[in-house]
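For reference, the structure is listed below as structure tokens.
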Amino acid sequence: MLNRRTFTAAVAGSGLALGLPAFAQFADRTIKFTNGVNEDHPVGVGVKKMQEILGAKSGGKMKISAFWGGSAGGDLQATQALRAGTQEMVCTSSSPLVGIVKELGVFDLPFLFNSEKEADAVLDGPAGEYFNKKLEAAGLVNLAYWENGFRNLTNSKRPINKVEDFEGVKVRVMQNNIFLDSFKTLGTNAVPMAFGEVFTALETRTIDGQENPFVTIETSKFFEVQKYLSVTRHAYTPFLVLYSKKLWDGLKPEEQALLREAAKEGQKVQRQANRDLNAKSLETLKKSLQVNEISAAEQKRMLDKVKPVYDKNVPTIGAEAVKVVTDELKKVRGG
Ligand code: TK8
């Protein structure tokens, strides 16, 4: 909602003083923005920020209508709707989109990032821009990279302390060949599945486990149907905040600039909220799940075991995309 102070400030900046009609550069628009996660995920904080900024700066003309929990379609389905120009926006993981932009597969390589700082440096720098160009060529305008976070494994069979513990656990992975390959290589019986089907599949024991960041495990209530959480931190797959290129091209430059600004401001509060909640979520999850950390030595064994996944998948991703990311990583690691 627009309060009087933000409205007055917005009017002052709108060209009204020059005798132009207020906010004439903005059309009345309701933007459909769908999400696989629930509204209490920090993505909700980011979307709310976008709504506030659009409301204040377009004089209430540009609105976001948000849908949560996959109620309006999963990541891939929504992304295809964007490409077709039948939906404006989605916040999606990069991983289900590798069939559309193969270069995004670099983010699925196991143990690629070590920290949020590394992820930010890559995503907000020239490497992020590189992927934005590829996305745009595929009909998708990426307004910002938001955060899902480091992924960890939950299951109902046993705690995963060492490589051997993965053996035979039936794990849902995202619809992505690199994840499938990584989890098969680790010894699990990996099954690709859309996010929207995971809760029921865990509940009915169709699968034993899944992997997601703490905050997503909490807000999607997976802890209710799982026993063990093993802190594997095996991947950081970013969220993309995408706009349909077909519909984007019909916007005025002022509308495009405002949307970009709103998504960037949304990024700040979304990442911060996600990082604040990460530790809290782990504490909450400890009440329902048996949690174990993995020793440095065992983590090294896991990394060694999945090394062939790199060699096998780099040609599919493209050496150029991998280099763009690893070059940035070298910089941030000071090498
Ligand atoms: C939400 C998904 C989800 C992702 C997954 O739409 O599929 O496991 O991590 O958070 O993008």
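All of these numbers come straight from a predicted model, not from anything done at the bench. All ligand and atom numbering here is 1-based and tracks the order in the structure. In what follows, every heavy atom counts, from backbone to side chain, and hydrogens, waters and symmetry copies are set aside.
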Q: Would you check if I64 and T30 make a side-chain contact, meaning some heavy-atom pair closer than 4.5 Å?
A: no

Q. Which protein heavy atom lies closest to atom 9 (O) of ligand 1, and at what distance to 0.1 Å?
A. N212 OD1, 2.6 Å

Q) So, for F222 and Y228, is the gap between ring centers shorter than 6.0 Å? A) no

Q.
Give me the nearest non-hydrogen protein atom to atom 6 (O) of ligand 1 as residue plus atom name, then the distance to 0.1 Å.
A. D75 OD1, 2.7 Å

Q. Can you list the ligand 1 atoms lying under 4.0 Å from a non-hydrogen atom of R172?
A. 5 (C), 7 (O), 8 (O)

Q: May I ask you to list the atoms of ligand 1 that are less than 4.0 angstrom from any heavy atom of N148?
A: 4 (C), 9 (O), 10 (O)

Q: Determine whether more than 12 heavy atoms belonging to other residues, nucleotides or ligands lie under 6.0 Å from atom NZ of K61.
A: yes

Q: Give the atoms of ligand 1, by number and element, whose distance to some non-hydrogen atom of M174 is under 4.0 Å.
A: 4 (C), 5 (C), 7 (O), 8 (O)

**Q.** Structural part of R151 in contact with ligand 1, heavy atom criterion under 4.0 angstrom
**A.** side chain

**Q.** K157, NZ atom: more than 12 neighbouring heavy atoms under 6.0 Å
**A.** yes

Q) Taking the six-membered ring for Trp, are the ring centroids of F150 and F214 within less than 6.0 Å of each other? A) no

Q | Validation row: R151, T237 side chains within 4.5 angstrom (heavy atoms) | A | yes

Q. Can you tell me which residue and heavy atom of the protein come closest to atom 4 (C) of ligand 1, and the distance to 0.1 Å?
A. S93 OG, 3.3 Å

